[in-house]
Amino acid sequence: MEVARMRAFHGTAIIVFLSLLSTVIQAANYLSPANQFMAPQNAARAAIRMRPLVWDSRLARYAQKYANQRRKDCALRHSNGPYGENIFWGSGNGWTPSQAAVAWVSEKKWYNYRSNSCAGGQSCGHYTQIVWGGTKRIGCARVVCDGKRGVFMTCNYDPPGNYIGQRPY
């Protein structure tokens with residue numbers, strides 16, 4: 001009986017979360033690029049009662065410098081810098097910051113807090129970086145790649161997260 005209630009609660013919580021996220025996405029398209037990046041990520045943090053991330057211009061400059069380097073090849077490669085990092089690539093040139101952030105946040109469905117792992121064959125590291133308890137600041141950037149081969153976006157997080165063996169929150 002308790003297991004059934006927990007599953008029902010979990011299912012309801014996911015529906016409420018996705019509904020909230022849908023509202024945030026619609027509103028985010030009218031926001032500045034910085035707020036488009038932050039709104040879905042801070043909604044994910046709020047859903048688990050975490051403080052919001054704060055925009056950091058130093059991290060945004062770092063992200064922009066790296067995104068500019070990827071403009072030529074649009075390669076989905078990490079910068080390997082001192083910060084936590086999420087990266088996104090989409091074909092065409094219409095991808096918005098909120099769509100990248102929502103793609104990362106949507107990995108929540110694959111994360112199992114009890115086992116501190118992702119569902120088999122799935123990715124959830126973008127989500128865990130977003131909700132990493134020690135992370136306080138964020139800075140992001142978006143570029144359209146040369147020849148309109150796609151859009152590259154990156155967010156950097158400080159302090160970084162995703163340490164093996166540690167829970168995000």
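Keep in mind it's a predicted model, so treat the numbers as computed, not measured.
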Q: Using atom types as modelled and distance alone, determine if a side-chain donor or acceptor of E85 lies under 3.5 Å from a backbone N or O of S79.
A: yes
Q. Who are the ring pair (Phe, Tyr, Trp, His ring centres under 6.0 Å) partners of W95, not counting sequence neighbours?
A. F88
**Q.** Residue pairs involving residues 57-97 (criterion disulfide (SG to SG under 2.5 Å); sequence neighbours excluded)
**A.** C74-C145
Q: Using the salt bridge (Lys or Arg N to Asp or Glu O under 4.0 Å) rule, collect all pairs that involve residues 119-135, keeping only residues at least two apart or in two chains.
A: none
Q | For Y111, all residues meeting ring pair (Phe, Tyr, Trp, His ring centres under 6.0 Å), sequence neighbours excluded | A | none
(Q) Strictly distance-based, threshold 3.5 Å: is any side-chain N or O of T135 a donor or acceptor partner for the main-chain N or O of P159? (A) yes
(Q) Once salt bridge (Lys or Arg N to Asp or Glu O under 4.0 Å) is applied, what residue pairs with a partner in residues 114-123 remain, sequence neighbours excluded? (A) none
Q | Residue pair N156 / I138, side-chain heavy-atom distance below 4.5 Å | A | no
Q.
Run the side-chain hydrogen bond (donor to acceptor under 3.5 Å, both in side chains) test on R58 and Y62 for me, step by step, so that the C-alpha distance in whole Å, both residues' side-chain angles and the decisive distance to 0.1 Å come before the verdict.
A. CA-CA 6 Å; R58 176 179 48 95; Y62 179 88; over 6 Å; no
**Q.** Short side-chain to backbone donor-acceptor contact, R167 and Y113, under 3.5 Å
**A.** yes
Q) Is a side-chain N or O of D158 found less than 3.5 angstrom from the main chain of G84, in a donor-acceptor match? A) no
Q) Can you pull the disulfide (SG to SG under 2.5 Å) pairs that have at least one residue in residues 88-135, sequence neighbours excluded? A) C118-C124
Q. Hey, does the side chain of Q99 reach the backbone of T96 with a donor-acceptor pair shorter than 3.5 angstrom?
A. yes
Q: Examine the side chains of T128 and N162 and answer whether a donor and an acceptor come within less than 3.5 Å of each other.
A: yes
(Q) For a 4.5 angstrom cut-off between non-hydrogen side-chain atoms, does S106 reach W104? (A) no
